[in-house]
2 protein chains.
Amino acid sequence: MGRIICAGLGPGDPDLMSLRANRAICGARHVAYFRKAGRAGQARRIVNGMLQEGCTEYAMEYPVTTELAFDSPDYVAALSRFYDEWAARLAVLAQSQEVVVLCEGDPFFYGSFMHLYVRLKDRIPIEVIPGITGMSGCWTATGQPITWGDDILTVLAGTLPEDDLTRQMAAADALVVMKTGRNLPKIRRALTAVGRLDAAWLIERGTMPDQRLARLADLPEGDCPYFAIVLVHGQGRRPEMPL
Amino acid sequence: MGRIICAGLGPGDPDLMSLRANRAICGARHVAYFRKAGRAGQARRIVNGMLQEGCTEYAMEYPVTTELAFDSPDYVAALSRFYDEWAARLAVLAQSQEVVVLCEGDPFFYGSFMHLYVRLKDRIPIEVIPGITGMSGCWTATGQPITWGDDILTVLAGTLPEDDLTRQMAAADALVVMKTGRNLPKIRRALTAVGRLDAAWLIERGTMPDQRLARLADLPEGDCPYFAIVLVHGQGRRPEMPL
């Protein structure tokens, strides 16, 4: 009878969600979303004013992990328990109800929902509604195409070792670097090593009202916003332009 | 007074376009779109039933180029003239009118609109509405996340030399290969060389009613659909699952 719909919310501007995601959210009687403990949550904020009266909300609050390194066994175990518990709760609810899980960006592109999805997909019917990625919101905000012709685009996590970043940055035409924050000095060094720092942009909260755009080279070293994306645009093959 | 709005249509299912793109298209009095000569055109097909009565349509038909190699000077010159001419026509129209240009997928991600955009952006106000990419429609159709944790995603054009494909495929976790068609035998050889053929999917018309999904290794060698995308899913870091 019941099922789960994971609605991709897009890059942040509510107007950029798909018609299908919008319809699912506006009609939902049960809505679940991830957030940090004590925060309103970005996913929930995007749907402000869209939920119908009487809709039940399930805030899935990440375990507090500030004391733990992201790759420590304790952190991994805490996250694993967290996903197990919520998968179990949603499985019970989705026996009889339709539950809409909100997911920023595109659910199958580095989304947290995937951890629930792999736990539930063989037990419960699940529909995933794709969304506009955060990176697409960011490159659209720069007013420049990210890729042309045969450009190679590589998407990297700033958490990768510096050598990997440098090697990948040298081999690609267009670049997206996510998970920046305290990795930004390392990302900056890698871009400098391959001669691409001057072509790099940093975009925070792309498509949102408080969007911030800057050339990375113009920002002070200490400025390390966590939810920012670094972009280098491709300059590939294109038919010649007059003048 | 006038301006151009480029509306990203998403991967093909009209229900996956954004609220903003939908509103622009439904309210448009002038709509332009690319298509091959003699074809209805995929962009136009996506908005079937959405255009209001009296809306004027501008079919921008690519010059016929079957006789020319894509990198020949004649082909490049013909395309260049084509973009110049349409840029000039739209510039005149957009002096006084709002013109909505339809664009499959995401306009700034390998989209044809970019060639008009660079010609017009300093002359006419242009708003670009991002869209869900075709590749996102395809990976969502496979029912598997494309990237986890710190996975490196690389997007390649099948038109690249085989050595480049092989080197890039060896260095990335998750892969997207566009522009397949007659390049598919080469793509297949490159995937085989790096031991990833068995993990590769071929998706045609992702999210559309006649969507086709297959493991690349299961398809006969001669099967080379042009508008197909090849995907290899990343298998990156994730919290352990029970059982």
Side-chain angles (χ1 to χ4, degrees), chain A residues 8 10-11 13-20 22 76-77 79-80 83-84 106-111 114-115 117-119 121 128-133 136-137 139-140 143-157 159-160 164 167-168 171-172 179 207 237-242, chain B residues 8 10-11 13-20 22 71 76-77 79-80 83-84 106-111 114-115 117-119 121 128-133 136-137 139-140 143-157 159-160 164 167-168 171-172 179 207 238-242:
Chain A
D13 182 335
D15 212 22
L16 292 176
M17 78 177 60
S18 70
L19 298 171
R20 185 176 301 159
N22 182 254
V76 173
L79 262 189
S80 188
Y83 290 126
D84 290 346
D106 183 51
F108 275 170
F109 184 70
Y110 301 104
M114 306 188 318
H115 301 289
Y117 179 76
V118 292
R119 286 164 170 79
K121 71 187 170 64
V128 174
I129 305 174
I132 298 172
T133 57
S136 168
W139 66 56
T140 302
Q144 285 180 56
I146 188 71
T147 46
W148 296 85
D150 293 349
D151 275 339
I152 296 167
L153 168 72
T154 294
V155 182
L156 299 165
T159 41
L160 289 169
D164 292 354
R167 195 169 39 245
Q168 291 284 342
K179 303 186 186 180
T207 82
R237 175 172 61 81
R238 67 191 82 172
E240 207 179 332
M241 269 172 56
Chain B
D13 182 336
D15 213 23
L16 292 177
M17 78 177 59
S18 70
L19 298 171
R20 185 177 299 158
N22 182 253
D71 50 358
V76 173
L79 261 187
S80 187
Y83 290 126
D84 290 348
D106 183 51
F108 275 170
F109 184 69
Y110 301 104
M114 305 185 320
H115 301 289
Y117 179 76
V118 291
R119 286 165 170 79
K121 70 187 172 63
V128 174
I129 306 175
I132 298 173
T133 56
S136 169
W139 66 56
T140 303
Q144 286 179 55
I146 188 71
T147 45
W148 296 86
D150 292 349
D151 275 338
I152 296 167
L153 168 71
T154 294
V155 182
L156 300 166
T159 41
L160 290 168
D164 291 355
R167 196 170 39 247
Q168 291 285 342
K179 303 187 186 179
T207 81
R238 65 192 82 172
E240 207 179 332
M241 269 171 56

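For the numbers below, each heavy atom of this structure counts, side chains included, while hydrogens, waters and symmetry mates do not.
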Checklist entry - Where does the angle between the aromatic ring planes of B/Phe108 and B/Tyr117 fall among parallel (under 30°), tilted (30 to 60°) and perpendicular (over 60°)? => result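 Plane angle over 60°, so perpendicular.
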Pick from [options]: which one has the most heavy-atom pairs with chain B under 4.5 Å?
options: A/Thr147, A/Val155, A/Thr154; result: A/Thr147
options: A/Ser136, A/Gly111, A/Ala172, A/Gly8; result: A/Ser136
options: A/Thr207, A/Leu160, A/Asp164, A/Thr133; result: A/Leu160
options: A/Leu153, A/Asp15, A/Ile132; result: A/Asp15

Checklist entry - Between B/Met114, B/Lys121, B/Met17, B/Gln168, which has the largest tally of heavy atom pairs under 4.5 Å with chain A? => result B/Met114
Checklist outcome for this item: Most contact-rich option vs chain A, by heavy-atom pairs under 4.5 angstrom, among B/Gly143, B/Ala77, B/Ala171, is B/Gly143
Checklist entry - Taking all atoms of both residues into account, what is the closest heavy-atom pair of B/Ser18 and B/Pro130, and its distance? => result OG-O, 4.4 Å
Item to check | Smallest separation among heavy atoms of A/Leu19 and B/Pro14, with atom names | outcome: CD1-O, 3.7 Å
Checklist outcome for this item: To the nearest 0.5 Å, atom OG1 of A/Thr140 lies from atom CG of A/Asp13 at 11.5 Å
Please classify the contact between [X] and chain B as side chain, backbone, both or neither, with a heavy-atom cut-off of under 4.5 Å.
X: A/Asp106; value: side chain
X: A/Pro11; value: neither
X: A/Gln144; value: backbone
X: A/Leu156; value: side chain

Checklist entry - With a 4.5 Å limit on heavy-atom distance, are the side chains of B/Asp150 and A/Lys179 in contact? => result yes
Checklist entry - Is there a side-chain contact between A/Pro145 and B/His115, using heavy atoms and a 4.5 Å cut-off? => result no
